[in-house]
Amino acid sequence: MESPGPLAVSHLFYPNKMVRIVLLAMEEVMGRNGVNAVLNLSHLRHLVNNFPPNNFDRQISFDEMGGLMHALDEMYGPRSGRGLALRAGRACFKYGLKEFGPVLGISDLAFRLLPLNMKLKVGANVFAETFNKFSDQMVKIDDAEDRFIWNITQCPVCWGRATDQPCCHLAVGILQESLYWVSGGKNFDVQETACIACGDEACTIVVDKKALD
Ligand SMILES: [Zn+2]
């Protein structure tokens, strides 16, 4: 059984807008009743049928976000929970793009005309900056020759959790969909290789720059 990790108390927050995006994405994947059941099982009962407002106020703690992801696994089991979190992550990107795309310039023609390798590079940095600027999630990118290494040093997805396997599937799904969008419909190998919930220093997601198809 998973038990809360030692760092369960968080003074780190996600803005309402990002939590709203996560819940809309979960609703798309699981239906309203599914989301409400997960919210009920977590410490976010007050959000049942009452999603956060669409603003940048940092009001949902990392404890609550980690608890939400934990509740998803509790309810469906780790295997199905993983599948749902990956799909919800992919849906998050779509809602996120609508909210943040115009602000960040990645919906512009100039961005779309860049060659793929530059689009991946610029896109990854812009995407990391979005989290660093608007939330307490900290992302640092290592740009290696053949891969991007996406390091999350303050991670809401697994906050307070202790798992045997990396569990930030929501983050993996978001990256998968962002790569799909940036590349105009290609799939990439995206693996979480280290996770704070497993005792690692950061949640590390490795993206192979060469598309699978
Ligand atoms: Zn994590």
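- Hydrophobic clustering (ILVMFWY, side-chain heavy atoms < 4.5 Å, transitive): V126 and F93 are in one cluster.
- We find that D143 and K209 are joined by a salt bridge, their nearest charged nitrogen and carboxylate oxygen being less than 4.0 Å apart.
- Looking at every heavy atom in both residues, I21 comes nearest to C92 through CG2-O, 3.5 Å.
- Here the shortest heavy-atom pairing between E192 and P166 reads OE1-CB, 3.2 Å.
- For the residue pair A124 and W150, the shortest heavy atom distance occurs at O-CZ3, 3.6 Å.
- Between L116 and V182, the shortest heavy-atom distance links the atoms CD1-O, 4.2 Å.
- A salt bridge links D73 to R161: one of the charged nitrogens lies within less than 4.0 Å of a carboxylate oxygen.
- Under the 3.5 Å distance criterion, the side-chain polar atoms of E177 are left unmatched by any main-chain donor or acceptor of I174.
- In this pair, F100 and F56 present their aromatic rings perpendicular. The plane angle is above 60°, beyond the 30 to 60° band.
- Transitive grouping of hydrophobic side chains (ILVMFWY, heavy atoms separated by less than 4.5 Å) keeps L68 and F13 in distinct clusters.
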task: Apply the test side-chain contact (heavy atoms from CB on, under 4.5 Å) to residues F148 and L175: give CA-CA distance (whole Å), side-chain angles for both, the deciding distance (0.1 Å), then the verdict.
output: CA-CA 11 Å; F148 285 109; L175 283 176; over 6 Å; no
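- Here the straight-line distance linking atom SG of C168 with atom CE of M69 works out to 10.0 Å at 0.5 Å rounding.
- Hydrophobic clustering (ILVMFWY, side-chain heavy atoms < 4.5 Å, transitive): L97 and F188 are in one cluster.
- Between D136 and R58 there is a salt bridge, since at least one side-chain N of the basic residue sits less than 4.0 Å from a carboxylate O of the acidic one.
- Within a 6.0 Å sphere centred on CZ of F134, other residues, nucleotides and ligands contribute more than 12 heavy atoms.
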Criterion side-chain contact (heavy atoms from CB on, under 4.5 Å) on M18 and F131, from CA distance to verdict: CA-CA 9 Å; M18 283 186 181; F131 290 107; 4.0 Å; yes
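- Considering every non-hydrogen atom in both M30 and V35, the closest pair reads CE-N, 4.2 Å.
- Considering R87, R90, K94 as possible partners of E28, the one that fulfils the salt bridge (charged side-chain N to carboxylate O under 4.0 Å, His left out) test is K94.
- Under the 30°/60° scheme for interplanar angles, the aromatic rings of F62 and W159 are found to stand perpendicular.
- What you find for V172 and L86 is that their closest heavy atoms are CG1-CD2, 3.7 Å.
- Follow the hydrophobic side-chain contacts under 4.5 Å out from I141 and you reach L179 in the same cluster.
- Remark: the N54 side chain and the K17 side chain contain an N/O donor-acceptor pair separated by less than 3.5 Å.
- Under a hydrophobic clustering in which Ile, Leu, Val, Met, Phe, Trp and Tyr are joined whenever their side-chain heavy atoms come within less than 4.5 Å, directly or via other members, M65 and M138 fall into different clusters.
- Ion pair R20/E99 not flagged as a salt bridge, since none of the NZ, NE, NH1 or NH2 atoms sits closer than 4.0 Å to an Asp/Glu carboxylate oxygen.
- Considering V19, N16, L39 as possible partners of F51, the one that fulfils the side chain to side chain contact (heavy atoms under 4.5 Å, CB included) test is L39.
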